[in-house]
Colleague: 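Dropping a structure here in structure tokens format, bear with me for questions.
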Amino acid sequence: EPEVTQTPSHQVTQMGQEVILRCVPISNHLYFYWYRQILGQKVEFLVSFYNNEISEKSEIFDDQFSVERPDGSNFTLKIRSTKLEDSAMYFCASSATSSYNEQFFGPGTRLTVL
Amino acid sequence: KNEVEQSPQNLTAQEGEFITINCSYSVGISALHWLQQHPGGGIVSLFMLSSGKKKHGRLIATINIQEKHSSLHITASHPRDSAVYICAVLFMNYGGSQGNLIFGKGTKLSVKP
């Protein structure tokens, strides 16, 4: 069964460093999403991406964040200069044609900023 | 303000019990998702519904659009059902954009053998 994959599963970085979180969405899906979940809190929407551009973004998704689909399979989230409060679980998801379709989630990347 | 409320926050049940988890939301929606989050953190989509009722195995999800309320039921619960169950809502967006999912805080279910 096709699934969304994410790498790495755990990333530890120093404050101020850049990190790139990688996702491989399900191959025939067109919409991609990033969410984050700070430990003990609810999941929050960061950004959605369609047709090689951002479709929606939340207030959390400020200038420190960027997304890219560098090739036909990967979807990346870059945090330019990490802060302690960026420590969270980051989930990638994809859906077939729009956010009105079921979303399939990856296993998540746990980001720890020291 | 678009809000999603879940109840209860925590739920402990004995194996075999019938379980109900509730989700209510503030304004009109396009779709509602029920998700399961395992202790390791991974999220699995259980249902997406915009009306009526859906069933998959021992899981049943219902939604009442007029009352702005959805329930997730688990019949004959089992310890492997222990997880956090999350309601996530796609609110109706009249501005032309698709909107995005708003998540509830989740219900932590523990099923004892």
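For the numbers below, each heavy atom of this structure counts, side chains included, while hydrogens, waters and symmetry mates do not. Letters go in sequence order (proteins before strands), and every chain restarts at 1.
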Colleague: Please tell me whether A:Phe32 and B:Met48 are part of a single hydrophobic cluster in this structure, the criterion being side-chain heavy atoms less than 4.5 Å apart.
Modeller: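 A:Phe32 and B:Met48: separate clusters.
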Colleague: Would you say that more than 12 heavy atoms from the other residues, nucleotides or ligands in this model lie under 6.0 Å from the CG of A:Leu114, or not?
Modeller: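 Buried by this count: over 12 neighbours within 6.0 Å.
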Colleague: Using a 6.0 Å cut-off, check whether atom NE2 of B:His56 has over 12 heavy atoms from anything other than its own residue.
Modeller: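 No - once you tally the heavy atoms of other residues, nucleotides and ligands closer than 6.0 Å, there are 12 at most.
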Colleague: Which value, rounded to the nearest 0.5 Å, describes the distance between A:Glu44 atom CD and B:Ile102 atom CD1?
Modeller: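 With rounding to 0.5 Å, CD (A:Glu44) is 9.5 Å from CD1 (B:Ile102).
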Colleague: With only heavy atoms counted, which part of A:Gln41 is less than 4.5 Å from chain B, the side chain, the backbone, both or neither?
Modeller: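 Neither; nothing under 4.5 Å.
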Colleague: A:Phe91 versus chain B, heavy atoms under 4.5 Å apart: side chain, backbone, both or neither?
Modeller: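 The answer is the side chain of A:Phe91.
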Colleague: Kindly compute the distance separating CG (B:Leu101) from OG (A:Ser48), expressed to the nearest 0.5 Å.
Modeller: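 If I round to the nearest 0.5 Å, the distance is 10.0 Å.
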Colleague: For chain A, which candidate among B:Ser45, B:Ala88, B:Ser50, B:Gly104 shows the most heavy-atom pairs at distances under 4.5 Å?
Modeller: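 Among B:Ser45, B:Ala88, B:Ser50, B:Gly104, the one with the most close pairs to chain A is B:Ser45.
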Colleague: Nearest 0.5 Å, please: how far is NZ in A:Lys42 from CD in B:Gln6?
Modeller: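 These two atoms lie 10.0 Å from each other.
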Colleague: Please indicate whether A:Arg22 has more than 12 foreign heavy atoms, meaning atoms of other residues, nucleotides or ligands, lying under 6.0 Å from its CZ.
Modeller: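 No, the 6.0 Å shell around CZ holds no more than 12 heavy atoms from other groups.
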Colleague: Kindly check if the number of other-residue, nucleotide or ligand heavy atoms within 6.0 Å of CG (A:Asp63) is above 12?
Modeller: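 No, not enclosed.
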Colleague: Would you mind reporting whether A:Phe105 and B:Leu35 have side-chain heavy atoms less than 4.5 Å apart?
Modeller: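 When only atoms from C-beta onward are counted, A:Phe105 and B:Leu35 do touch, with a gap below 4.5 Å.
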Colleague: According to a hydrophobic-cluster definition based on side-chain heavy atoms being under 4.5 Å apart (Ile, Leu, Val, Met, Phe, Trp, Tyr only), do B:Leu90 and A:Tyr35 belong together?
Modeller: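 Yes.
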